[in-house]
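For reference, the structure discussed in these notes is given below.
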Amino acid sequence: MHKINFEERKKQYLAAMEEYKARIVVCGGTGCMANGSGEILEKFKTVVKEKGLSITVALEKEKTDFILKTSGCQGFCQMGPLVTLYPQGILYVHVKAEDVEEIVERTLLKGEIIERLLYKENDGTTIAEMQKIPFYDKQKRTTLELCGRIDALDIDEYIAHGGYEMAKKAVLEMTDDEICDEILASGLRGRGGGGFPTGRKWALTKVHKNDTKYVICNGDEGDPGAFMDRCVMEGNPHSVIEGMIIAACAIGGTDGYIYVRAEYPLAVVRLQIAVEAARKAGILGKNIFGSDMNFDINIMEGAGAFVCGEETALIHSIEGMRGMPTSKPPFPAEKGLFGKPTVINNVETLATIPIIMQMGAEKYAAIGSENANGTKTFALTGHVAHTGLIEVPLGTTLRQIIEEIGGGVMNDDGTLCGTDFKAVQIGGPSGGCLTQEHLDLPLDYDHLKSVGAMIGSGGLVVMNQQTCMVSIARFFMQFTQNESCGKCVLCREGTKQMLELLDDIIEGRGTAETLELLESLARTVQAGSLCALGKTAPNPVLSTLKYFRKEYEAHIFENKCPAGRCEAFANYAIDPEKCKSCSLCARKCPVEAISGEKGVPYTIDTDKCIKCGACIGNCKFGAVYKG
């Protein structure tokens with residue numbers, strides 16, 4: 001039997017790290033990689049060697065001057081690519097490959113700080129240390145603590161930070177009841193959207209006796225604007241594996257599956273490497289940690305169907321069938337994958353399990369609000385200054401997230417617009433809109449449910465006053481309609497008809513009857529659909545109808561879009577002060593709607609205008625505009 005000596009590996013790793021003059025950590029999350037992190041990594045290797053110094057990558061750990069690491073997502077996506085230098089903790093933002101030589105010469109060799117690469121506050125003040133930047137300082141990173149800090153591919157670094165100690169404890173020292181009770185006492189609820197108590201789900205699965213039981217990690221994250229699970233899988237895959245091992249101990253699990261979207265290739269590769277490293281260390285496979293427990297993990301790539309985020313549809317997909325949900329009961333806890341008892345948790349839930357075991361249930365439960373314990377990760381996107389991956393205690397208000405962490409609401413041109421906040425879509429296509437009146441609403445399960453919204457997986461899309469809420473509702477309805485599996489009529493046909501009604505409204509064909517039918521149909525789809533996708537599909541429509549009904553009415557009864565976004569209501573006009581009477585717009589107009597004469601500003605006949613935009617595209621003086 002293979003027994004892993006954690007203390008010895010930890011001691012060796014920490015001793016090796018002490019030998020380096022500096023640790024260079026380049027963000028290797030998907031966003032930063034897309035913006036050139038790979039080139040930055042190669043440039044560091046080249047420049048250091050050109051200076052007559054030596055450098056090694058994390059997995060080699062040779063005795064050199066510097067060690068170069070690739071982390072997962074560091075969260076501050078708006079400022080990427082990011083480079084962090086330790087032990088100083090200096091964070092450089094918007095780094096390019098051409099900046100590397102200056103970083104090596106000035107910071108690594110001379111200890112100087114490069115001001116132009118530091119994060120800057122609105123008043124121009126620069127901040128060098130990562131943890132002092134408001135974006136990080138205002139968060140409470142527990143599940144994400146190691147994401148962006150450690151090398152995702154280095155199992156020794158995970159072990160050096162206490163990794164797999166809790167899995168070992170669960171396997172060798174704890175009973176299944178003790179594990180379930182600990183997680184139940186922590187107050188952890190499923191972070192994938194359902195919010196069901198995790199300890200209770202495990203206990204319900206544990207009682208069903210069977211020689212084969214499964215633990216499934218649901219990594220099928222498909223919400224528009226959501227990337228929380230992707231970042232955890234890319235940045236700390238070992239935490240997910242450890243959480244699955246603990247779950248297997250709790251329910252008597254024998255096999256595990258991580259179901260990942262094929263659109264997450266970096267996450268897939270890093271999970272595969274992490275699983276193989278865990279096998280070699282005796283952490284997965286037969287007789288793990290030298291015990292009589294056998295548990296291994298398979299990685300399966302999903303084909304990109306949003307409905308496979310629903311647990312029964314996910315199970316069918318793993319079984320090789322079409323990903324379509326089935327009615328419950330029986331629940332997966334009784335009859336799941338291949339008909340065996342199965343527990344399914346999402347990525348964030350499983351990655352949080354080792355943290356709870358380390359902290360203790362009581363300490364973890366003290367974080368958050370009274371009825372919602374712990375922290376929650378959110379993908380903060382949209383019209384906000386600092387987009388990225390964040391983690392805050394449950395019960396944190398929207399105002400705190402947008403203003404303190406997000407840095408405020410932005411105009412379309414990228415400038416700060418102060419308090420010009422209009423709405424935030426929370427929970428993706430299954431969630432709803434929150435408005436200015438909800439800025440001080442605690443973000444937890446119960447408070448959000450009371451206003452017709454939900455945390456969902458954790459997407460937060462911030463919108464400014466220039467956003468058309470009818471178009472936003474249509475965007476999410478189109479998504480859910482496209483992703484409907486088609487099994488039940490209400491979801492398949494109802495979402496299609498709702499989309500057509502929304503098209504009528506934004507294209508100027510809406511009537512009072514349209515609005516009445518839209519709301520009635522939304523409630524019917526919500527009540528009668530088979531699975532959660534169909535039941536929650538109308539949420540964006542219903543929440544925008546509730547809080548922005550006047551915008552719907554303006555489209556229908558006033559024949560205008562208050563935000564000026566819907567093309568059907570746009571009126572093209574020419575600014576007489578800017579018009580040079582060049583006649584180019586008139587010559588390009590396909591319906592001869594523009595007229596004028598030399599020396600006199602041209603005008604547009606709105607009755608003839610077909611709103612093709614040719615005039616705007618061809619005016620060299622910016623005289624044509626949409627009103």
Side-chain angles (χ1 to χ4, degrees), residues 23-35 37-38 40-41 57-59 68-84 86 89 91 93 130-131 135-136 139-164 191 217-219 221 226-244 258 260-261 263-278 299 346-355 358 375-380 387-392 457-458:
R23 285 175 289 142
I24 307 162
V25 181
V26 179
C27 180
T30 294
C32 283
M33 291 297 287
N35 281 318
S37 280
I40 293 169
L41 282 162
V57 297
L59 295 179
L68 181 64
K69 293 171 172 288
T70 306
S71 74
C73 177
Q74 296 182 15
F76 210 0
C77 304
Q78 187 76 30
M79 296 292 162
L82 305 170
V83 174
T84 314
Y86 294 99
L91 176 69
V93 302
M130 173 187 283
Q131 295 307 319
F135 178 84
Y136 292 105
Q139 296 184 48
K140 186 172 182 61
R141 294 169 79 87
T142 53
T143 305
L144 296 179
E145 182 183 5
L146 297 182
C147 279
R149 287 181 54 199
I150 67 171
D151 191 310
L153 305 182
D154 191 348
I155 189 173
D156 285 328
E157 186 166 10
Y158 182 67
I159 290 172
H161 285 86
Y164 289 116
R191 300 300 195 233
C217 172
N218 184 349
E221 180 180 56
F227 48 87
M228 301 77 60
D229 288 349
R230 186 196 76 201
C231 291
V232 173
M233 290 185 287
E234 290 177 358
N236 193 6
H238 287 288
S239 66
V240 180
I241 296 170
E242 185 170 13
M244 292 181 72
I258 303 178
V260 195
R261 296 179 70 80
E263 295 92 332
Y264 287 177
L266 190 58
V268 171
V269 169
R270 291 182 179 176
L271 282 166
Q272 289 170 338
I273 293 172
V275 166
E276 186 57 36
I299 297 170
N346 89 314
V347 171
E348 184 184 345
T349 307
L350 289 165
T352 303
I353 298 298
I355 305 296
Q358 287 175 343
T375 60
K376 178 71 185 79
T377 63
F378 290 98
L380 185 60
T387 60
L389 178 68
I390 68 171
E391 183 178 5
V392 295
S457 59

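Counting from 1, the numbers follow the sequence of the chain as shown. Here the structure is a predicted model, which means the values were calculated and not measured.
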- Message: Check whether Ser37 reaches the backbone of Cys27 with its side chain - one donor and one acceptor, N or O, closer than 3.5 Å.
- Response: yes

- Message: I'd like to check Met228 versus Phe378 (side-chain heavy atoms, cut-off strictly below 4.5 Å). Are they in contact?
- Response: no

- Under 3.5 Å, side chain of Thr84 to main-chain N/O of Leu91, donor-acceptor pair present? no

- Message: Ignoring hydrogens and geometry beyond distance, is a side-chain donor-acceptor pair present between Glu391 and Thr377 at under 3.5 Å?
- Response: no

- So does Glu157 pair up with Arg149, basic N to acidic O under 4.0 Å? no

- Can you list the steps and then say if Thr70 with Val26 is a side-chain contact (heavy atoms from CB on, under 4.5 Å)? CA-CA 5 Å; Thr70 306; Val26 179; 5.6 Å; no

- Message: I'd like to know if the side chain of Arg23 and the backbone of Tyr86 have a donor-acceptor N/O pair within less than 3.5 Å.
- Response: no

- Query: Just wondering, do His161 and Ile150 contact through their side chains at under 4.5 Å, heavy atoms?
  - Reply: yes

- Item | Side chains of Thr143 and Thr352 in contact at under 4.5 Å (non-hydrogen atoms) | yes

- Task: Compare every heavy atom of Ser239 with every heavy atom of Ala351, then report the nearest pair and how far apart it is.
- Result: CB-OG, 3.5 Å

- Task: Could you tell me whether the side chain of Glu348 and the main chain of Asp229 form a donor-acceptor pair under 3.5 Å?
- Result: no

- Is there side-chain contact between Lys376 and Arg191, with at least one heavy-atom pair below 4.5 Å? yes

- Taking atom NZ of Lys69 and atom CG of Leu41, what is their separation to the nearest 0.5 Å? 12.5 Å

- In terms of the angle between their ring planes, are Tyr136 and Phe76 parallel, tilted or perpendicular, with boundaries placed at 30° and 60°? perpendicular

- Is there a side-chain contact (heavy atoms from CB on, under 4.5 Å) between Thr30 and Tyr264 once you walk through the steps? CA-CA 9 Å; Thr30 294; Tyr264 287 177; over 6 Å; no

- Message: Using 0.5 Å steps for rounding, measure from the CD atom of Glu145 to the CD atom of Gln139.
- Response: 12.5 Å

- Message: Within the 3.5 Å criterion, strictly below it, is a donor on Glu242 or Tyr158 matched to an acceptor on the partner's side chain?
- Response: yes

- Backbone N/O of Gly388 and side chain of Gln78: donor-acceptor pair under 3.5 Å: no

- From Ile273 atom CD1 to Ile299 atom CD1, the distance as rounded to the nearest 0.5 Å: 9.5 Å

- Item | side-chain contact (heavy atoms from CB on, under 4.5 Å) assessment of Leu146 paired with Asn236 | CA-CA 7 Å; Leu146 297 182; Asn236 193 6; 3.8 Å; yes

- What is the minimum heavy-atom distance between Leu266 and Gly28, and which atoms define it? CD2-O, 3.4 Å

- Please check if the side chain of Asn35 supplies one atom and the backbone of Gly31 the other of a donor-acceptor pair under 3.5 Å. yes

- Is the side chain of Thr375 donor-acceptor paired with the backbone N or O of Thr142 at a distance under 3.5 Å, no angle test? no

- With a 4.5 Å heavy-atom cut-off, do Val347 and Glu221 have their side chains touching? no

